[in-house]
Amino acid sequence: MSASTETTPGTTASAESAPAPTDATSAAATSAAATVAAATVARLGAAFTAGRTKPVAWRKAQLRALRRLLVEQEDVFAAALHTDLGKHAAEAYTTEIGFTVSEIDHTLRHLDRWLRPSRVPVPLALQPARARTVREPLGTVLVISPWNYPLQLALAPLVGAIAAGNCVVVKPSELAPATSAALAHWLPRTLDPQAVAVVEGGVPETTALLEQRFDHVFYTGNGTVARIVMTAAARHLTPVTLELGGKSPAVVEPGTDLATAARRIAWGKFMNAGQTCVAPDYVLAIGGSATAIEAHLTAAVREMYGTDPKESPDYGRIVNERHFDRLTALLGDGRIVTGGDHDRAERYLAPTVLADVDPEAPVMREEIFGPVLPIVSVPDLDAAIAFITARDKPLALYAFTASARTKHRLTTETSSGALSFGVPNAHLTVPGLPFGGVGESGIGAYHGAHTIDTFSHTKAVLDKPLPADTLRLAYPPFTPLKSRILRRFL
Ligand code: NAD
């Protein structure tokens with residue numbers, strides 16, 4: 001059994017490098033995309049209605065096949081990730097391929113328990129009766145994924161959507177064309193084509209898909225497109241999960257182990273050349289820690305990537321020229337402590353730390369999403385909390401502190417998708433933790449059991465036997481006696 005790749009004639013994988021289309025070719029592409037989208041959704045919808053995806057055995061077989069694919073073709077996917085983002089094979093494994101294999105293993109291990117109906121107590125007035133909740137799949141769901149972790153962010157939602165019993169259309173990012181092509185090649189040879197489809201392409205193809213009625217849309221990417229997705233979904237009253245980004249601060253307090261804190265911040269920031277949604281966006285240094293952390297960050301970068309990170313096989317590249325130009329324009333927003341070197345031809349931008357950054361500078365206004373790490377100083381914890389709460393709720397908040405009181409205050413006085421002490425990025429590898437944002441950083445969450453929640457409807461089931469009609473007291477005509485008894489029981 002194998003899933004299908006839907007191709008729109010005339011689609012080029014790399015939107016950025018494609019020549020500008022004429023009106024006639026773009027109208028033809030739009031119409032072809034609409035045809036593909038409608039046919040794909042119709043085919044998957046028919047499979048869902050026929051009950052193809054409901055048996056748990058089918059779901060597990062799909063997950064095992066996907067696992068096998070990732071293990072057997074690890075080199076192929078690692079090569080694609082290297083082509084798109086210069087990812088080292090070790091990083092490709094830990095953050096994408098192996099990550100997805102772990103998600104599959106965790107799901108296979110717990111799926112039966114997650115799917116088990118759950119008993120709910122019934123109030124006395126309704127006795128005898130039994131109540132339970134039953135999970136049911138939603139139908140056909142759309143997964144739209146971005147370019148920065150183009151394998152993980154397409155496949156981790158796919159795993160949960162299949163496990164919950166849905167048909168799935170996966171739309172990989174056109175900005176990671178090698179990974180998109182690899183998914184489009186291999187998923188059809190691995191998964192059930194009646195139930196899982198890959199649609200490649202960019203804006204026209206995604207727009208055409210969003211015209212269709214899905215039962216859920218799961219989007220990972222930026223907030224601007226998220227609004228387009230949510231508007232399109234609203235037309236069909238389709239629920240959405242929006243996994244977005246934002247500026248995730250790393251609070252650093254004096255009195256903590258700054259050398260280790262700097263190493264961990266540098267690790268979280270500069271993996272995938274800073275193109276990680278949960279990467280520390282900036283350091284919020286309290287009191288005297290600002291000056292001290294500068295030196296430690298410089299040392300940490302050198303330790304990880306050597307004196308010339310351009311030569312390091314462990315350091316990635318910026319996804320395209322547009323992002324490269326956006327990032328290099330930020331380099332003047334502070335004093336360069338380390339880094340700053342760049343080479344447009346290679347889309348290389350060194351791991352860069354900026355100090356003495358004005359909180360109003362452009363680098364502090366938008367999510368950076370690249371290897372530029374500003375340090376902003378605040379005098380004390382009150383000021384740090386005020387700084388965080390005056391801005392959009394972040395996807396993640398990190399703090400490096402030895403103080404239990406600081407931890408308590410950050411937990412209770414700030415809001416963020418996740419809060420992590422002592423380590424950035426790692427919370428999303430804890431399968432029991434929900435992964436998602438709040439406010440501008442997103443709607444909904446997933447990973448492990450939370451993915452099953454996202455892709456299921458929890459149906460309320462009540463079963464009251466007909467004999468012994470205990471509800472007679474509730475039927476009209478009402479009498480004072482019936483009312484008294486009813487009030488007592490309710
Ligand atoms: P992107 O450009 O690859 O876009 C994401 C998807 O949206 C792609 O599949 C693309 O084809 C589609 N798309 C783009 N424009 C569209 C349009 N006009 N209409 C319909 N669909 C459209 O990725 P991106 O948005 O640059 O991703 C980076 C952002 O994603 C950052 O803000 C980052 O923080 C966020 N992100 C969040 C998470 C998370 O899990 N919360 C993970 C990764 C990235």
Side-chain angles (χ1 to χ4, degrees), residues 8 11-16 30 33 37 84-85 95-96 99 103 142-157 169-177 179-180 183-184 198-212 217-233 240-248 269 271-281 318-320 322-323 326-327 366-370 392-396 416-418 425 427-429 433-447 450-451 454:
T8 303
T11 300
T12 51
S14 172
E16 300 242 330
T30 302
D84 287 331
L85 291 150
T95 64
E96 305 235 31
F99 181 97
E103 186 74 9
L142 172 62
V143 173
I144 306 172
S145 55
W147 51 265
N148 63 329
Y149 288 86
L151 185 103
Q152 186 218 124
L153 296 172
L155 296 188
V169 177
V170 179
K171 213 302 288 172
S173 176
E174 73 281 19
L175 300 187
T179 310
S180 176
L183 290 172
V198 179
V199 176
E200 285 195 274
V203 176
E205 291 73 18
T206 319
T207 306
L209 285 168
L210 288 169
E211 289 289 321
Q212 301 296 313
V217 176
F218 188 105
Y219 168 79
T220 306
N222 68 76
T224 306
V225 174
R227 284 164 169 81
I228 296 172
V229 169
M230 199 169 179
T231 304
V240 292
T241 302
L242 303 175
E243 293 282 337
L244 313 179
K247 292 186 86 63
S248 297
K269 177 73 179 187
M271 71 167 59
N272 203 26
Q275 302 162 115
T276 302
C277 57
V278 290
D281 186 272
I318 306 305
V319 67
N320 58 35
R322 182 169 64 82
H323 281 284
R326 179 183 64 75
L327 289 162
E366 300 270 320
E367 177 183 8
I368 297 168
F369 216 56
D392 289 333
K393 292 178 181 177
L395 185 58
S416 52
N425 306 19
H427 56 283
L428 61 89
T429 64
L433 286 177
F435 176 55
V438 56
E440 278 289 322
S441 55
I443 295 174
Y446 73 128
H447 284 184
H450 305 283
T451 318
T454 291

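Only this structure's heavy atoms are used, side chains among them; waters, hydrogens and symmetry mates stay out. Order of appearance sets the numbers: ligands from 1, and atoms from 1 within every ligand. For clarity, every value in this text was computed on a predicted model and none was experimentally measured.
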Is it true that a side-chain atom of [X] and a backbone atom of [Y] form a donor plus acceptor pair closer than 3.5 Å?
X: E96; Y: L151; value: yes
X: T454; Y: A445; value: yes
X: T206; Y: G202; value: yes
X: K171; Y: E200; value: no

If you take all heavy atoms of I318 and Q275, which pair is closest and at what distance? CA-OE1, 3.5 Å
Close aromatic pair by centroid cut-off 6.0 Å: F99 and Y149: no
Mind jotting down which protein residues get a heavy-atom contact under 4.0 Å with ligand 1? Chain and number order, please.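 Shell around ligand 1 (4.0 Å, heavy atoms): I144, S145, P146, W147, N148, L153, K171, P172, S173, E174, L175, V203, T206, Y219, T220, G221, N222, V225, I228, E243, L244, G245, C277, E367, F369, L395, F435.
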